[in-house]
Amino acid sequence: MPASTRKLVLPGGAGFLGRLLAPWLAERGWEVVVLSRRNETVPGAACTVFWDGANLGAWHRELDGAAAVVNLAGRSVNCRYHERNRREIMASRVRSTQVLGEAIAACQQPPTVWLNSSTATIYKHSFEWAMTEERGEIGGTPAAKDEFSVRVAQTWEQTFAAAPTPGTRKVALRLGMVLGLERGTVFQVLWRLTRLRLGGAMAGGRQYVSWIHEVDFCRAVEWLLAHEEIGGPVNVVAPSPIPNRAMMAEFRRACGVRVGLPAEQWMLEVGSFFLRTETELVIKSRRVVPKRLVDAGFEFRYPTLGPAIDELVARLRAGGDARDPTITFARQPAVAQAG
Ligand SMILES: NC(=O)c1ccc[n+]([C@@H]2O[C@H](COP(=O)([O-])OP(=O)(O)OC[C@H]3O[C@@H](n4cnc5c(N)ncnc54)[C@H](OP(=O)(O)O)[C@@H]3O)[C@@H](O)[C@H]2O)c1
């Protein structure tokens, strides 16, 4: 891809993953333009352009002549799934994908590649079988309370696949839980629970967690942008999904605490009601592996969870106390420098 055409449009780029990717890609020569509904400055981005995530507007001109689009838009799923939130979770993903498809189809010079976020939650709740892109089973399971999320994921990917953009390579990023230092995201929540001696197995602890370190997330996106032979769904997860019980043991080891109170499912149900979230995020077994990335030669810097946690903890400790709301963590420079 010639240097002069390396403009990348990042819809939804003012959130957790966008704030990782924008500086990462900017360091590597991309001119990053964020699309947001807010007037947000994103580190590394050349500018933020307003869009509403639903309707064509002046923002669509940013796509014409751009080399790439990475769409991260979607209302957070960390909330109670009542009717209004369900509508917003679905519409923010489906409509933003649709309108990007319309904008790309109208371009004189469409982007050569479009990565659209999706989720590893699309696969069936599974303890025994590791889900690959080719052989993984897609679907919901009542016991895992994931039927709504799987429906969202399927509709999201179908909308993406149906977008009439023939000249543009499309990749659906089936993302696992990204472990990074952003306040309020999963790593910090689990770290804090662990420090409070509440970091025991959750809901029995047999269920698998598919995760990826923030640096590998950025590296995988960069790699997928460059690899023109890859299209369709790609599992963006570390190669070693881990049962919840073993994951929490790694957190306790890294934290240096021996005790971690386990949480039974009923406790999680009560807690999630008060925390305005859903137990599905914890009880579903996501045993997903990155077969396409590995087969195509992508090498993970953090293939196993222990070293991934250790790296994050080292940076967290260098930045301060996870419980101190006044501390700003040294997240962005560390991600941008790790080449
Ligand atoms: N983080 C993870 O571990 C993970 C795992 C699996 C899948 N994913 C998916 O990856 C994407 C990015 O995740 P993230 O962690 O960066 O999420 P995030 O921090 O919540 O950011 C998502 C962005 O989506 C935009 N958005 C929210 N509601 C919208 C709406 N109604 N219309 C248009 N845009 C809307 C927001 O942008 P503005 O407010 O700036 O407009 C927000 O910054 C999401 O689609 C998420 O489902 C993330």
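Ligands are counted one by one from 1 in listed order, and the atoms in each one are counted from 1 as well.
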Item to complete: Only one of Gln207, Glu278, His125, Lys124 passes side chain to side chain contact (heavy atoms under 4.5 Å, CB included) with Lys284; say which it is.
Response: His125

Worksheet, complete the sentence: Expected contact list for ligand 1 at under 4.0 angstrom, heavy-atom basis, is Gly12, Ala14, Gly15, Phe16, Leu17, Ser36, Arg37, Arg38, Gly53, Leu72, Ala73, Gly74, Arg75, Ser92, Arg93, Ser117, Ser118, Trp156, Leu175, Gly176, Met177, Val178

Item to complete: Could you tell me whether Arg315 and Glu214 have a side-chain N and a carboxylate O separated by less than 4.0 Å?
Response: yes

Discussion item. Salt bridge (Lys or Arg N to Asp or Glu O under 4.0 Å) for Arg169 and Glu229? Distances and angles first, verdict last.
Written reply: CA-CA 9 Å; Arg169 175 169 66 94; Glu229 72 284 7; over 6 Å; no

Worksheet item: When you check the gap from the basic side-chain N to the acidic O, do Glu62 and Lys7 get nearer than 4.0 Å?
Response: yes

Item to complete: Name all residues meeting the ring pair (Phe, Tyr, Trp, His ring centres under 6.0 Å) criterion together with Trp156; count only those two or more places apart in sequence or in a different chain, and write none if there are none.
Response: none

Item to complete: Give a yes or no on whether a salt bridge exists between Arg292 and Asp295, defined as a side-chain N under 4.0 angstrom from a carboxylate O.
Response: no

